[in-house]
Amino acid sequence: VRDELSVGVVGASGFTGRELCRLLLGHRRVGRILPAARSAEPFERRHRNLLGSGLQFVSAERLVEQARELDVVFFCTPAGEAMRLAGHFLDEGSAVIDLGADFRFPDPATYRAVYGVEHAAPHLLAQVVYGVPELARDAIRGARLVANPGCYVIAALLAVAPLIGDDGVDPGALVGIHAVNGTTGAGNTSRPELHHAAVANDMLPYSLEGHRHCPELELQLARLAGRTVRVDFNTAHGPFARGIYLQASVQLRRGDGVNRDVLLDRYKERYGAGHRGEHFVLVVDFPKTGGCNAKEYDVYPDMASVLGSNFCHLGVDYDAAHAVVRVVSVLDNLVKGAAGTAIQNMNLLFSFDESEGLRHYGL
Ligand SMILES: NC(=O)c1ccc[n+]([C@@H]2O[C@H](COP(=O)([O-])OP(=O)(O)OC[C@H]3O[C@@H](n4cnc5c(N)ncnc54)[C@H](OP(=O)(O)O)[C@@H]3O)[C@@H](O)[C@H]2O)c1
């Protein structure tokens with residue numbers, strides 16, 4: 001590995017590609033960024049927040065030709081693209097991190113069932129590492145091909161990982177996941193329902209018959225729990241551009257001895273408290289001071305506080321009447337839900353400080 005990495009970004013004209021370039025420009029160990037797009041538009045005209053960056057789009061074909069010079073290639077493309085090209089980059093010695101879904105399932109039949117197309121590179125699936133750094137750090141360190149998780153999935157996994165393997169959780173109950181994503185979660189393809197005038201005062205539920213991230217989440221939860229976990233997964237777009245607000249409900253068999261403080265201790269044990277634990281996963285543990293039913297908004301995470309950052313804030317409480325643990329998880333879908341986690345994964349692959357390029361706080 002060279003002192004400074006050469007990095008390719010396929011799909012750099014899109015939302016996650018732009019965010020990845022923005023973060024890579026501030027990364028001290030990245031020397032060269034080659035953003036690839038099919039459009040002939042100048043990079044800085046397309047991404048005006050990156051005016052002055054000096055970056056220029058190249059074609060994906062040019063990246064393919066220069067593969068040998070690239071230490072790592074990120075795919076910020078719709079499902080179907082990364083699996084066509086990843087093998088070439090791996091053969092030429094680059095690591096590959098796919099922000100899309102092509103490598104998230106170990107089994108091509110599941111990929112076909114969820115994404116509706118045949119997998120183009122099933123021979124690569126055995127070497128994939130599923131990249132949630134907080135849950136698979138050691139495996140990611142030794143990987144060459146990383147599947148970055150879906151944005152809802154990472155928010156949900158971080159929310160329920162401290163609970164899901166516990167004997168106290170009712171294995172017969174569905175885990176409830178209710179999440180609202182910003183409109184950037186839909187990608188930059190133009191849709192009338194997502195125009196500002198349409199969505200500004202609205203909520204847009206979608207994929208209620210079964211979101212593509214649900215099988216991905218159930219697979220990862222089964223790995224964590226060591227048993228089948230079934231999820232009631234509900235998604236909507238909200239009237240904001242970026243951010244995921246997610247609430248999880250986990251049914252316990254019975255609630256003896258459970259309360260908010262006990263749960264907060266559990267979460268802080270899992271993720272560490274403040275600077276001593278996970279850098280990017282923070283548990284909001286401000287004590288409640290009001291009486292019963294006081295509306296203490298600030299004891300739970302708020303989504304606006306993590307926007308622009310790689311942080312995931314978690315909050316937890318307990319509904320004793322129903323023995324249900326409620327967890328709030330907030331993150332920026334384009335950062336911790338996509339480009340930020342991808343850079344965390346790159347940092348692990350190249351043995352850099354895991355937080356390099358990602359230390360800034362929310363807006
Ligand atoms: N948005 C999120 O919050 C989010 C979070 C986590 C993961 N992801 C995943 O990350 C990937 C990129 O998402 P995004 O939101 O950045 O998407 P996007 O804004 O729609 O951008 C995708 C880019 O891929 C390029 N592209 C290359 N081949 C394409 C093809 N065959 N069809 C359409 N576009 C093609 C397009 O650029 P050119 O036309 O210029 O080549 C486009 O700008 C997706 O797989 C998505 O599921 C997204």
Side-chain angles (χ1 to χ4, degrees), residues 8-23 34-43 45-47 55-64 73-86 96-105 111 114-117 120 130-132 146-158 179-191 194 206-207 211-214 216-217 235-238 240-246 303 306-308 310 312 330-345:
V9 179
V10 187
S13 55
F15 286 141
T16 58
R18 177 183 63 184
E19 197 64 5
L20 189 61
C21 290
R22 180 177 79 87
L23 295 169
L34 286 178
R38 295 176 297 187
S39 120
E41 202 179 352
F43 181 92
R45 184 165 184 169
R46 173 79 181 201
H47 298 319
L55 295 185
Q56 289 178 355
F57 285 128
V58 297
S59 66
E61 292 70 30
R62 166 116 179 264
L63 281 196
V64 166
V73 177
F74 294 92
F75 282 89
C76 299
T77 43
E81 291 298 301
M83 63 186 181
R84 286 195 311 111
L85 295 175
V96 170
I97 300 176
D98 180 20
L99 281 76
D102 286 358
F103 297 105
R104 292 184 193 155
F105 296 108
Y111 184 81
V114 179
Y115 285 87
V117 289
Y130 187 80
V132 182
V146 175
N148 228 55
C151 50
Y152 286 118
V153 180
I154 190 163
L157 281 173
L158 294 172
V180 185
N181 200 345
T183 49
T184 55
N188 69 5
T189 309
S190 185
R191 289 280 300 267
L194 295 171
Y206 68 104
S207 296
H211 193 287
R212 286 172 163 183
H213 285 181
C214 189
E216 182 186 335
L217 177 60
T235 49
H237 287 297
F240 43 89
R242 56 201 285 166
I244 288 180
Y245 175 86
L246 180 146
M303 193 188 74
V306 294
L307 297 188
N310 197 47
C312 172
V330 293
L331 52 76
D332 186 324
N333 58 301
L334 296 179
V335 189
K336 185 64 179 152
T341 289
I343 290 178
Q344 243 183 299
N345 284 326

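Indexing begins at 1, ligand by ligand and atom by atom, following the structure's order. In this text the structure is predicted, and so the values were computed from the model without any measurement.
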Full working for side chain to side chain contact (heavy atoms under 4.5 Å, CB included) between T341 and V132:
CA-CA 7 Å; T341 289; V132 182; over 6 Å; no
### Query
If you measure every N/O of A101 against every N/O of ligand 1, is any gap under 3.5 Å?
no
A student checking ligand 1 against C151 at a 4.0 Å heavy-atom cut-off should list atoms 5 (C), 6 (C)
- Evaluate the criterion side chain to side chain contact (heavy atoms under 4.5 Å, CB included) for residue pair Q344 and N310; output intermediate values, then yes/no. CA-CA 9 Å; Q344 243 183 299; N310 197 47; 3.1 Å; yes
Under 4.0 Å from one or more heavy atoms of S39, ligand 1 contributes atoms 40 (O)
Ranked by distance from atom 14 (P) of ligand 1, the top protein heavy atom is T16 OG1, 3.7 Å
Residue, atom and distance of the protein heavy atom nearest atom 21 (O) of ligand 1 read G14 CA, 3.2 Å
Taking T16 for the side chain and L334 for the main chain, is one N or O donor matched with an acceptor at less than 3.5 Å? no
S13 heavy atoms within 4.0 Å reach ligand 1 at atoms 36 (C), 37 (O), 38 (P), 40 (O), 42 (C), 43 (O)
Next on the checklist: Would H213 and C151 count as a side chain to side chain contact (heavy atoms under 4.5 Å, CB included) here? Give the steps.
Outcome noted: CA-CA 9 Å; H213 285 181; C151 50; 4.1 Å; yes
If you scan protein heavy atoms around atom 6 (C) of ligand 1, the nearest is G337 O, 3.2 Å
Quick look: P78 vs ligand 1, heavy-atom contacts under 4.0 Å, and the answer is both
inquiry  = Can you confirm whether the side chains of Y130 and E216 place a donor and an acceptor under 3.5 Å from each other?
reply    = yes
Have N333 and T184 got a donor and an acceptor in their side chains that come within less than 3.5 Å?
yes
Main chain of Y206, side chain of T235: is a donor-acceptor contact present, judged purely on distance under 3.5 Å?
yes
So the atoms of ligand 1 within less than 4.0 Å of a heavy atom of N333 turn out to be 2 (C), 3 (O), 5 (C)
Neighbour count >12 (heavy atoms, 6.0 Å) for atom CD, Q56
no
Honestly, for R38 the part within reach of ligand 1 (heavy atoms, under 4.0 Å) is both
min-distance protein heavy atom vs atom 31 (N) of ligand 1 -> E81 OE2, 3.2 Å
Here the pair of heavy atoms bringing N181 nearest to F240 is C-CE1, 3.7 Å
Do side-chain atoms of R242 reach the backbone of T183 as a donor and acceptor pair under 3.5 angstrom?
no
Step by step, work out the side chain to side chain contact (heavy atoms under 4.5 Å, CB included) result for L158 and K336.
CA-CA 11 Å; L158 294 172; K336 185 64 179 152; 4.1 Å; yes
For A338, the atoms of ligand 1 under 4.0 Å from one of its heavy atoms are 5 (C), 6 (C)
Ligand 1 to A37, heavy atom cutoff 4.0 Å, flagged ligand atoms 40 (O), 41 (O)
Nearest non-hydrogen protein atom to atom 22 (C) of ligand 1, with distance, is C76 O, 3.4 Å
- Task: Before signing off on this row, confirm whether T189 and ligand 1 have an N or O atom pair separated by under 3.5 Å.
- Result: no
Contacts of R84 meeting side-chain hydrogen bond (donor to acceptor under 3.5 Å, both in side chains) (sequence neighbours excluded), chain-then-number -> E81
Here the pair of heavy atoms bringing A101 nearest to A79 is CB-CB, 4.5 Å
min-distance protein heavy atom vs atom 1 (N) of ligand 1 -> T184 O, 3.0 Å
Checking contacts now, so for atom 26 (N) of ligand 1, which I'm interested in, is there any protein heavy atom under 4.0 Å? yes
Looking just at side-chain N and O atoms, do Y115 and D102 make a donor-acceptor pair shorter than 3.5 Å? no
Note: ligand 1 atoms sitting under 4.0 Å from heavy atoms of G187 are 15 (O), 17 (O), 18 (P), 19 (O), 20 (O)
Are any of the protein's heavy atoms under 4.0 angstrom from atom 46 (C) of ligand 1, yes or no? no
- Query: For F15, is at least one N or O under 3.5 Å away from an N or O on ligand 1?
  - Reply: yes
Checking heavy atoms under 4.0 Å, the part of V10 that sits near ligand 1 is neither
In this structure, atom 7 (C) of ligand 1 is nearest to the protein heavy atom L99 O, 3.4 Å
For G11, the atoms of ligand 1 under 4.0 Å from one of its heavy atoms are 23 (C), 24 (O), 25 (C)
Taking N or O atoms only and a 3.5 Å limit, does T77 qualify as a polar contact for ligand 1? yes
